[in-house]
Number of protein chains: 2
Amino acid sequence: MKVNRRTQAERTAATRAALVAAGRTLFGNHGYAAVGTQSIVAEAGVTRGALYHQFKDKQGLFAAVYDQVEQDITAEIATQVAQIGASDPLGALKAGSRVFLERATDPAVHQITLVDAPAVLGWSEWRARGEEFGFALIEGILLAAIAAGQIADQPVRPIAHVAIGALDESALYVAAAEDKAAATEDVVAVLNRIIDSFAI
Amino acid sequence: MKVNRRTQAERTAATRAALVAAGRTLFGNHGYAAVGTQSIVAEAGVTRGALYHQFKDKQGLFAAVYDQVEQDITAEIATQVAQIGASDPLGALKAGSRVFLERATDPAVHQITLVDAPAVLGWSEWRARGEEFGFALIEGILLAAIAAGQIADQPVRPIAHVAIGALDESALYVAAAEDKAAATEDVVAVLNRIIDSFAI
DNA sequence: AGAACTTACGAACACTCTGTATGAAAGTTA
DNA sequence: TAACTTTCATACAGAGTGTTCGTAAGTTCT
C-alpha cells in the first residue's frame, strides 16, 4: 500500500520549498515587515509549527528566500555572459548589466534583494551572501578582462563594489520609472560609458 | 514668578527635538526594527503619549530622523563644495564625494540613511525625500559642469542616479572595511576615474 | 516485523510591541 | 477668570513573533 509514504528528506524538501515559494511572493509583493508568518504558512499550506521547525525564525526564512532569488537571477545572467565568453569580458559585462536591469524590474526581485535584504539581514551579512552570487560574477569578469588585457591590472574589489552599487541603484531607478524601456536605455548608456572608461 | 512657563511652540520643539535625537542614536546604533518605542521615549525622557501626539507613528518619527541626518551631512558637503565654487564643478564633485564617504563612515549615518531608510520608507519615498538633499546637490553640480563646459550637455538624472548608487555602496564598503583609510583611497580612485571619464 | 528512537509537525501559550482611547495638565484666547 | 485648545500621561486592545509541549510520521536496530 503505503499510499502517501514519503521519506523524511522528501517531506522537508516539500515544506521548505512551499515556504520559500510563499515567502518569495509575499515578501516580494508587500515587503518583509508587512507580511506576517500567519499569511506565509497559509499561502504555503502548512502551519507555523512547520515554519519554526524548518527555519530558526522569520529572518531565517527570508534568508532562504533571498538566496533562492539571487541564485535564479545570477544563473540567468551567467548563461548570458557565458555566451559572449572570455573573448570580450567587457562586452560580457555590458550584456550582463542589461540582463540584470531587465530582471530587477520584477518587483519581487528588487524588493527582496535590494530593498529589504540590507535592512533585514544587515548590510555586511547581505554583502557576505552576495559574494557568491552577483559579486563573484563581476569580479570574475573583471579578472578575465585583466587577463585579456582589456583593463589595467588592478585590485578588482573596490571596482566591483562601485559597480554593484551603480547597478543596484540603476535597477531601482528603472523599476520606478514609468517608461521603463527609455529609463533602461538611459542608464545603460551611462553604465556602458563608465565601463568603457576602464578599458586600456 | 512663572518658574517653568514655556510656550506651546517651545514645548513641542523641545519634545520633538528630544525624540528625534533619541531616535537618531538608537536607530543608528541598533537599526529601526530592533528599537522599540519604549526605549526611544525612555532615552528622550518623555512618554509614549508624547511620541504619538507629535508623530503619526514610529515611521513618522523615523522620517523626521532621516530628514535631520540628511540635512546635516548635505549641509556639510555643500559648504565644502561651495569653497571650490563654480569654477571647477567636477573638482567639487570629487571633493564632495570624499566628504560624503568620510561622513558616512559614522554607523548612525549609514544605518539610517542607507540601510533602513529604503526598507522603512519604501524605495520611492526614500528617493523622493533624497531629492531635496544629496540628489539636488549632485544634479546641481552636474548642471554647473555642463554650463562650465566640463561635460557634454545631456540628461543629468540617470547620471545622478548611477552616481548616487556608486557613492552609497562605496560608503558602506568603506564603513565595513577594517582599514577605512585605505578603503577610502581605493574607492576614491575608482570614483575619480569615473568622474574624469565624463569630462569632455 | 516490532520496539526504541529520531524527525517533522500541530496547537496552544506567553511575551513584546504598536497604536488608540480617555482623561488630566499646561498653555492660549476672550 | 472662564472657555477653549494643545500637549502629554496612563491604561487598554490587538497583532505578531517565538517557544513549549504533545502527537504523528519516518528511521534504525535487533
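Note on naming: letters A, B, ... go to the chains in the order of the sequence lines (proteins, then strands), and numbering restarts at 1 for each one. Not measured: the values here are computed from a predicted model.
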Taking N or O atoms only and anything under 3.5 Å, show me the protein contacts with nucleotides 4-7 of chain D, one pair per line.
{"unit_1": "D/dT7", "atom_1": "OP2", "unit_2": "B/His53", "atom_2": "NE2", "d": "3.2"}
{"unit_1": "D/dT7", "atom_1": "O4'", "unit_2": "B/Arg11", "atom_2": "NH2", "d": "3.0"}
{"unit_1": "D/dT7", "atom_1": "O3'", "unit_2": "B/Arg11", "atom_2": "NH2", "d": "3.4"}

| field | Single-linkage hydrophobic cluster A/Ile84~A/Val188, side-chain heavy atoms < 4.5 angstrom | value | no
| message | Using the rule that Ile, Leu, Val, Met, Phe, Trp and Tyr join whenever any side-chain heavy atoms are under 4.5 Å apart, tell me whether A/Ile159 and B/Leu172 fall into a single cluster. | response | yes
Short heteroatom pairs, N/O only, protein and nucleotides 17-19 of chain D, under 3.5 Å:
{"unit_1": "D/dT17", "atom_1": "OP1", "unit_2": "A/Thr37", "atom_2": "N", "d": "3.4"}
{"unit_1": "D/dT17", "atom_1": "OP1", "unit_2": "A/Lys58", "atom_2": "NZ", "d": "3.2"}
{"unit_1": "D/dT17", "atom_1": "OP2", "unit_2": "A/Thr37", "atom_2": "N", "d": "3.0"}
{"unit_1": "D/dT17", "atom_1": "OP2", "unit_2": "A/Thr37", "atom_2": "OG1", "d": "2.8"}
{"unit_1": "D/dG18", "atom_1": "OP2", "unit_2": "A/Tyr52", "atom_2": "OH", "d": "2.5"}
{"unit_1": "D/dG18", "atom_1": "OP2", "unit_2": "A/Lys58", "atom_2": "N", "d": "3.2"}
{"unit_1": "D/dG18", "atom_1": "N7", "unit_2": "A/Arg48", "atom_2": "NH2", "d": "2.4"}
{"unit_1": "D/dG18", "atom_1": "O6", "unit_2": "A/Arg48", "atom_2": "NH2", "d": "2.6"}

| task | Starting at atom CG of A/Leu51, determine the distance to atom P of D/dG16, rounded to an integer number of angstrom. | result | 15 Å
| task | Using atom CG of A/Leu61 as one end and atom P of D/dG16 as the other, report the distance to the nearest whole Å. | result | 16 Å
| task | Would you please classify the geometry between the A/Phe62 ring and the A/Tyr66 ring as parallel, tilted or perpendicular, with 30° and 60° separating the classes? | result | parallel
| request: For side-chain contact (heavy atoms from CB on, under 4.5 Å), just list the numbers for B/Thr105 and B/Thr184, CA-CA rounded to whole Å, side-chain angles, deciding distance to a tenth of an Å, and then say yes or no. | output: CA-CA 10 Å; B/Thr105 302; B/Thr184 301; 5.6 Å; no
| query | Can a side chain N or O of B/Thr7 be found less than 4.0 Å away from OP1 or OP2 on C/dT28? | reply | yes
| request: Assess the side chains of A/Asn29 and A/Gln111: does a donor N or O sit below 3.5 Å from an acceptor N or O? | output: no
What distance separates [X] [atom1] from [Y] [atom2], expressed to the nearest 0.5 Å?
{"X": "B/Glu102", "Y": "B/Ile77", "atom1": "CD", "atom2": "CD1", "result": "10.0 Å"}
{"X": "B/Ile40", "Y": "B/Leu26", "atom1": "CD1", "atom2": "CG", "result": "6.5 Å"}
{"X": "A/Arg98", "Y": "A/Asn192", "atom1": "CZ", "atom2": "CG", "result": "7.5 Å"}

